[in-house]
Amino acid sequence: MSLDVDKINKELQDKSPSEIISWAISYAKNPIITTNFRPYEVAILNAVTEVKKDIKVIWCDTGYNTIQTYKHAEEIIQKLNLNIQLYVPKQTVAHRDVVLGVPSIDDEKHTLFTEQVKLEPFQRAMQEHKPDVWFTNLRKGQTAFRNSIDVVSISKDGIIKVSPFYNSSDEELDAYLEEKGLPNEFKYFDPTKVESNRECGLHI
């Protein structure tokens with residue numbers, strides 16, 4: 001069954017995040033949500049699990065998260081009782097530190113580094129779970145690419161990507177987290193992006 005993305009986005013443009021999630025869950029046969037526990041991720045984790053409690057939550061852990069992010073992740077996993085599916089690189093950080101390190105974005109080895117710590121674990125997760133609907137926390141204003149999509153888009157692999165908070169501002173998410181009594185954490189580091197306006201490679 002093909003999806004008319006433009007038509008769907010028009011129908012969803014005035015809907016709340018929970019209404020968007022409910023639509024996607026009703027359509028999906030095998031939905032997943034991906035997370036890296038970056039700032040504001042707890043909003044989508046809470047919103048989606050309120051609609052589908054047992055949804056598979058795929059966490060591709062690069063191994064380079066901050067102490068604060070790991071503590072935040074543990075707190076959220078317990079608080080929301082998340083059905084975590086953990087994926088990690090095939091090489092340990094200690095091993096990679098010896099043979100590769102963390103190359104700068106100008107270093108030709110940065111592509112290999114990104115492949116090892118982010119893309120390969122993510123592709124492995126997608127191959128194993130074969131989702132038809134993928135919840136993400138992409139938001140307008142984050143990067144040029146993200147400004148070009150909408151609430152519902154199709155990934156390069158043909159998966160329906162749903163971003164319920166696409167049109168939400170930080171202030172709106174702050175209010176949502178306060179209303180729900182949920183913590184946030186800002187000491188986050190992505191070694192594959194370095195700069196906040198760069199794409200990580202998963203969503204292009």
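Computed over heavy atoms, backbone and side chain alike; hydrogens, waters and symmetry mates excluded.
Two residues are said to be in side-chain contact when any heavy atoms from C-beta on lie closer than 4.5 Å; Lys79 and Val42 fail this criterion.
Partners of Glu115 according to the salt bridge (charged side-chain N to carboxylate O under 4.0 Å, His left out) rule, which considers only residues two or more places apart in sequence or in another chain, do not exist here. Every residue was checked against the salt bridge (charged side-chain N to carboxylate O under 4.0 Å, His left out) condition with Lys56, not counting sequence neighbours, and none meets it. Residues satisfying the side-chain hydrogen bond (donor to acceptor under 3.5 Å, both in side chains) test with Glu19, not counting sequence neighbours, are Ser16. Evaluation of the side-chain hydrogen bond (donor to acceptor under 3.5 Å, both in side chains) rule for Lys130 yields no partner, not counting sequence neighbours. Every residue two or more places apart in sequence or in another chain that forms a side chain to side chain contact (heavy atoms under 4.5 Å, CB included) with Val51 is listed here: Ile21, Ser22, Ile25. Every side-chain hydrogen bond (donor to acceptor under 3.5 Å, both in side chains) that Gln85 has, sequence neighbours left out, goes to Asn83. Asp107 meets the side-chain hydrogen bond (donor to acceptor under 3.5 Å, both in side chains) test with no other residue; sequence neighbours excluded. Every side chain to side chain contact (heavy atoms under 4.5 Å, CB included) that Ser155 has, sequence neighbours left out, goes to Trp134, Asp157, Ile159, Lys161.
Here Leu100 sits in one hydrophobic cluster together with Tyr64, Val93, Val98, Val99, Val102, Leu112, Phe113, Val117; the rule is ILVMFWY side chains under 4.5 Å apart, joined directly or through other members.
Counting only residues at least two apart or on different chains, the salt bridge (Lys or Arg N to Asp or Glu O under 4.0 Å) pairs with a member in residues 39-51 are Glu50-Lys180. Applying the ring-ring contact (aromatic ring centres under 6.0 Å, His included) test to residues at least two apart or on different chains, the pairs with a partner in residues 83-104 are Tyr87-His129. Pairs engaging residues 32-54 under the ring-ring contact (aromatic ring centres under 6.0 Å, His included) rule: Phe37-Trp59, Tyr40-Phe186 [sequence neighbours left out].
No donor-acceptor contact under 3.5 angstrom links the side chains of Thr66 and Lys187, judged on distance only.
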